[in-house]
Amino acid sequence: MASVTQLGYLGLTVSKLGEWEKFATGVLGLQLAGKTADGALLLRMDEYHHRFIVSEGPDDDLAFAGWEVPSQPALMELAGQIKAAGIEVQAGSAEEAARRGVAEFIRFADPSGNPAEAYYGPLISFENPFRSPRAISGFDTGTMGLGHIVVRVDDAQRGLHFYRDVLGMRISDFIDLKMRRGRPTDNLKLTFMHCNPRHHSIAFGAIPVPKRLLHFMLQVKSIDDVGSTYYVAQDAGAEISASLGRHTNDHMVSFYMRTPAGFEVEYGYGARTIDDRIWKVERHEAPSIWGHRGLAGTPAK
Ligand SMILES: [Fe+2]
């Protein structure tokens, strides 16, 4: 069975592209690697030529999540697995592959319609090292991929089946949020899944929200990068949607801010990693050990 090995790139559609560029570079510290002919931002965070393709459009949501496999045979095998699960698979065109900086990719959707892709052969630019426009020490990526995403699904059980039995990921843990009585988040179950040592590359739940993407996460190499960004974001007028805190499951110290597209970004440091030889699936009933005030499931005061 072929398995995806990392969340390698993200496509986002945003209505305020100019604001998003300022936010991505001036607050998050991503590097502008270039723009496409139609004005989409190619944003970089490590040796990959780019890991974000941000296009202008009305959606303000996820356009596609790109899952990496190591080779062309692995991509073909994965395509077979997805088709065998009754899901339509399309081959990406050469032009579309160039936009993503990859050799070849396929396009499909998870059972809830979340747009996904799988690819091999990312463009790597060791000869032109990543330089953040901000004074941060950089992002923890490598074989762990760009970070993680949290998305809405219609049915968590079908999502689990798809990401585990079709894409080859493993369950990390579950968080059953039970803290806000009488609110929409009551008894909301989140499923966290991994495909490399990063604690989770995707998490999902049947969350009653209008958009597919709740947040994406970037992990930096220093707690000082989290601290400085906490204040740079506020000085730039970005809404801090959850204060500093440490998560129960991945132990990440992070905070959340709202991007100009409405969906949030988690900015964190120091998550624990998963060794599949010894990892056991856990259950949690709170999202955070401390802090993250403002996040669903955390006490308001
Ligand atoms: Fe997160």
Side-chain angles (χ1 to χ4, degrees), residues 6-10 12 23-24 27-30 45 51-52 61-62 65 67 110 114 139-141 144-153 156 159-160 163 169-177 179 185 188-207 209 211-221 223 225-226 229-230 233 238-259 261-274 282-298:
Q6 63 165 276
L7 178 61
Y9 61 74
L10 274 187
L12 303 171
F23 176 79
V27 177
L28 300 182
L30 297 172
M45 63 191 303
R51 284 185 181 271
F52 287 85
D61 206 347
L62 178 69
W67 298 97
D110 80 5
N114 289 306
F139 298 95
D140 258 337
T141 56
M144 298 198 300
L146 70 86
H148 69 233
I149 51 174
V150 178
V151 296
R152 180 194 75 196
V153 293
L160 192 160
Y163 286 101
M169 300 179 71
R170 281 83 68 196
I171 302 169
S172 308
D173 41 41
F174 303 100
I175 300 182
D176 294 294
L177 295 176
M179 298 184 66
T185 52
L188 174 66
K189 184 174 190 153
L190 292 171
T191 302
F192 296 78
M193 306 203 62
H194 65 279
C195 55
N196 58 49
R198 189 183 295 287
H199 175 277
H200 57 283
S201 291
I202 189 167
F204 50 81
I207 310 159
V209 289
K211 304 280 181 169
R212 297 185 182 284
L213 180 65
L214 279 88
H215 75 260
F216 66 92
M217 186 284 301
L218 305 178
Q219 182 170 333
V220 282
K221 291 177 186 291
I223 189 68
D225 296 342
V226 178
T229 304
Y230 193 59
E239 179 197 338
I240 305 296
S241 45
S243 67
L244 274 171
R246 187 189 282 277
H247 279 304
T248 48
N249 60 346
D250 66 1
H251 294 183
M252 177 96 69
V253 175
S254 62
F255 72 97
Y256 291 66
M257 51 196 144
R258 197 167 302 285
T259 78
F263 52 76
E264 296 169 47
V265 53
E266 178 183 7
Y267 206 83
Y269 165 74
R272 60 173 167 166
T273 54
I274 285 183
E282 296 181 350
R283 289 182 57 249
H284 300 274
E285 292 190 339
S288 306
I289 300 170
W290 53 267
H292 285 144
R293 189 167 286 171
L295 195 69
T298 59

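Quick note: numbers below take in every heavy atom, side chains included, and nothing from hydrogens, waters or symmetry partners. Order of appearance sets the numbers: ligands from 1, and atoms from 1 within every ligand.
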Does one side chain, of [X] or [Y], offer a donor that lies under 3.5 Å from an acceptor on the other?
{"X": "H215", "Y": "T259", "value": "no"}
{"X": "S172", "Y": "H199", "value": "no"}
{"X": "D110", "Y": "Y163", "value": "yes"}

- Measure the spacing between NE2 of H251 and OH of Y269 and express it to the nearest 0.5 Å.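 Rounded to the nearest 0.5 Å, the NE2-OH separation comes to 14.5 Å.
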Hey, is the Fe ion (ligand 1) within less than 2.8 Å of some N/O/S atom on [X]?
{"X": "H200", "answer": "no"}
{"X": "H247", "answer": "no"}
{"X": "E266", "answer": "yes"}

